[in-house]
Amino acid sequence: MKYIDEFNDPDLARRLLDEIRATATRPWALMEVCGGQTHSIIRHGIDQLLPEQVELIHGPGCPVCVTPLEVIDKALEIASRPGVIFCSFGDMLRVPGTDRDLFRVKGEGGDVRVVYSPLDALELARRHPDREVVFFAIGFETTAPANAMAVHQARRLGLTNFSLLVSHVRVPPAVEAIMTAPACRVQGFLAAGHVCSVMGMAEYPELAERFRVPMVVTGFEPLDILEGIRLAVRQLERGEHRVENAYPRAVREEGNPAAVRMIEEVFEVTDRNWRGIGPIPLSGWRLTDAFRSYDAEHRFDVTGIRTEEPVECRSGEVLQGLIKPTECEAFGTTCTPRNPLGATMVSSEGACAAYYLYRRMNAATPQAERAAREEMNPVA
């Protein structure tokens, strides 16, 4: 399969690993920004194959994980209302709010539907003019063009029963927040290739220069990630700090201009709260005044919602790269995919989910390992 099989070649992987070992002469800590990269790293054991000098720190690039708790609770409130069809990608349904999740709302009679595109939700609005259809628009820059297009099309078609609950976040401000945090150990970044395929690379050189860190735009297959690591380590060893593109088959310097224009027409930059991290200035998007009538928060007036995170959940520290999932006492015991305390355990891009799915229980307690085995092999 083109661009898949050839990027899983074990002989090439060994050669890249040999080059990384030969290059790294001292300890370096790199952060992969994207949760999709985290899952690929853990699935293929890339972090365990690297020389001991190279450490990978998992970043906050899981859009489901960083969606604020108050926005989750707003989604639950809207989805519970009669006459509403609430649409979402599947991995949002198990994300815990303060006291329930979308699966529970669905079980209690709410019309919650899994869709594969915001345009699916738009089609539901066209077919059900007597119902309010809301799409849960979360994500980084990657999903923003499709969500912007859905609103643009809704206005063109004259659909007044369609809206977005928006919780979009942006990568560059998150990088700045990570690098200015007091406990930051990150010395280089593997930048998310799919984000750069949309937005391009223009925002990264200033960050690389200001914080003196290499930033390598990286793909998601094993050889993509190893090549990104190789280039980042080479820069660090040479004392360099610039942006390199290790994903040229998908990323151009300018990104996708048409997609960027669509985003800029529909969305405007705003401050955004990140779950487990807190507020990051100018780190999100919201609908512009011209499209404000399609904003579900305004349409349903979901304000005054009080939220409360489980005190035992340390997902915020995981998202900031301060700890590995197995360093959380709840991991694999009181927090599992069936009974998650935080979004990082249920999202398809969450670091905790990756460690649990691929059996990284080595640093967990014996009770955690036993619970994991029982969940994977339940007694009939």
Side-chain angles (χ1 to χ4, degrees), residues 32 34-43 58-76 79 86-108 110 112-116 135-140 142-143 165 167 169 273-277 307-321 323-361 364 368-369 371-376 378:
E32 82 276 1
C34 175
Q37 292 171 335
T38 300
H39 271 250
S40 185
I41 287 165
I42 303 304
R43 176 187 178 188
H58 313 314
C62 165
V64 172
C65 304
V66 301
T67 300
L69 182 56
E70 62 266 24
V71 176
I72 300 293
D73 283 354
K74 288 175 182 179
L76 298 172
F86 192 88
C87 300
S88 172
F89 295 138
D91 54 359
M92 290 301 300
L93 269 64
R94 291 293 305 278
V95 176
T98 297
D99 57 8
R100 54 182 176 161
D101 57 28
L102 284 169
F103 262 133
R104 182 168 175 180
V105 171
K106 184 177 178 67
E108 293 170 347
V112 178
R113 306 191 190 188
V114 173
V115 295
Y116 297 95
F135 178 72
F136 203 173
I138 71 155
F140 285 84
T142 318
T143 57
L165 179 61
S167 186
V169 285
N273 191 37
W274 294 50
R275 187 171 190 171
I277 298 175
T307 62
E308 185 177 351
E309 291 276 12
V311 294
E312 63 269 38
C313 179
R314 300 178 67 186
S315 60
E317 295 170 80
V318 173
L319 288 167
Q320 296 175 73
I323 64 171
K324 295 291 195 292
T326 49
E327 296 176 69
C328 174
E329 296 78 5
F331 176 80
T333 54
T334 57
C335 182
T336 69
R338 291 184 184 178
N339 297 287
L341 294 177
T344 50
M345 182 54 91
V346 292
S347 169
S348 61
E349 295 188 8
C352 296
Y355 274 62
Y356 194 96
L357 177 61
Y358 300 114
R359 322 315 307 143
R360 289 293 185 87
M361 314 297 285
E369 294 203 32
R373 288 195 299 270
E374 290 173 355
E375 183 161 353
M376 295 300 291

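The structure presented is a predicted model; accordingly, all values stated were derived computationally and were not measured.
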Undergrad: I'd like to know if the side chain of Arg94 and the backbone of Pro337 have a donor-acceptor N/O pair within less than 3.5 Å.
TA: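 Indeed, once roles are kept as given, a pair shorter than 3.5 Å links the two residues.
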Undergrad: Does Leu93 reach the side chain of Val114, with side-chain heavy atoms less than 4.5 Å apart?
TA: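 Leu93 reaches Val114 side chain to side chain.
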Undergrad: Please report the shortest heavy-atom distance between Leu69 and Arg275, naming the atom on each side.
TA: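 It is CD1-NH2, 3.4 Å.
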Undergrad: Before accepting this row, confirm whether a basic side-chain N of the pair Glu70/Lys74 lies closer than 4.0 Å to the acidic partner's carboxylate O.
TA: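 Result for this pair is no, no salt bridge flagged.
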Undergrad: Going from CD on Glu312 to OG1 on Thr334, what distance comes out if it is rounded to the nearest 0.5 angstrom?
TA: 5.5 Å
Undergrad: Answer yes or no: is there a side-chain heavy-atom contact under 4.5 Å between Arg314 and Ile323?
TA: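 Yes; the side chains approach each other to less than 4.5 Å.
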Undergrad: Would a distance-only check, ignoring hydrogens and angles, find a side-chain to backbone donor-acceptor pair under 3.5 Å from Thr67 to Ile72?
TA: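 Absent.
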Undergrad: Using the benzene-type ring in the case of Trp, are the ring centres of Phe136 and Phe86 under 6.0 Å apart?
TA: yes
Undergrad: Kindly write out the residues that satisfy disulfide (SG to SG under 2.5 Å) with Cys62, not counting sequence neighbours, or none if the list is empty.
TA: Cys65
Undergrad: Any chance you could measure Gln37, atom CD, to Ile42, atom CD1, to the nearest 0.5 Å?
TA: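 Spacing of CD (Gln37) from CD1 (Ile42) equals 12.0 Å.
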Undergrad: What are the two closest heavy atoms between Pro340 and Pro96, and how far apart are they?
TA: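 In terms of heavy atoms, the two residues are closest at O-CG, 3.9 Å.
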Undergrad: Is Val64 close to Ile138 at the side-chain level, that is, under 4.5 Å between some pair of heavy atoms?
TA: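 A side-chain contact under 4.5 Å exists here.
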Undergrad: Between CD of Glu317 and CG of Leu319, what distance do you get to the nearest 0.5 Å?
TA: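 Glu317 atom CD to Leu319 atom CG measures 10.5 Å (nearest 0.5 Å).
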Undergrad: Is there a donor-acceptor pair under 3.5 Å between the side chain of Glu327 and the backbone N or O of Lys324?
TA: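 Yes, Glu327 side chain to Lys324 backbone: donor-acceptor pair under 3.5 Å.
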Undergrad: SG of Cys335 to CE of Met345: how many Å apart, nearest 0.5 Å?
TA: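 Reported to 0.5 Å precision, the distance equals 4.0 Å.
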Undergrad: Could you tell me whether the side chain of Ser167 reaches within less than 4.5 Å of the side chain of Pro68, counting heavy atoms only?
TA: yes
Undergrad: Under the side-chain contact (heavy atoms from CB on, under 4.5 Å) criterion, do Phe135 and Val115 qualify, and how do the steps go?
TA: CA-CA 9 Å; Phe135 178 72; Val115 295; 3.6 Å; yes
Undergrad: I want to know whether Tyr355 and His58 have ring centres closer than 6.0 Å.
TA: yes
Undergrad: Any chance you could lay out the side-chain contact (heavy atoms from CB on, under 4.5 Å) test for Asp101 and Val95, step after step, and finish with the verdict?
TA: CA-CA 6 Å; Asp101 57 28; Val95 176; 6.0 Å; no
Undergrad: Kindly state each residue pair satisfying side chain to side chain donor-acceptor pair (under 3.5 Å) with at least one member in residues 341-353, sequence neighbours excluded.
TA: Asp91-Ser348
Undergrad: Measure the CG-OG1 distance between Leu76 and Thr98 for me, rounded to the nearest 0.5 Å.
TA: 8.0 Å
Undergrad: Which heavy atom in Leu102 sits nearest to a heavy atom in Ala75, and how many Å separate them?
TA: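 Scanning both residues, the minimum pair turns out to be CD2-O, 4.3 Å.
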Undergrad: Is it true that a side-chain atom of Ser315 and a backbone atom of Val318 form a donor plus acceptor pair closer than 3.5 Å?
TA: no
Undergrad: Nearest 0.5 angstrom please: Thr38 OG1 to Arg43 CZ, how far?
TA: 14.5 Å
Undergrad: So, does Ser40 use its side chain to make a donor-acceptor pair with the main chain of Gly36 at under 3.5 Å?
TA: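 No, Ser40 side chain to Gly36 backbone: no donor-acceptor pair under 3.5 Å.
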Undergrad: When you measure from the centre of the six-membered ring of Tyr356, is the NZ or CZ of Arg359 closer than 6.0 Å and no more than 45° off the axis?
TA: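 Yes, cation above the ring, under 6.0 Å and within 45°.
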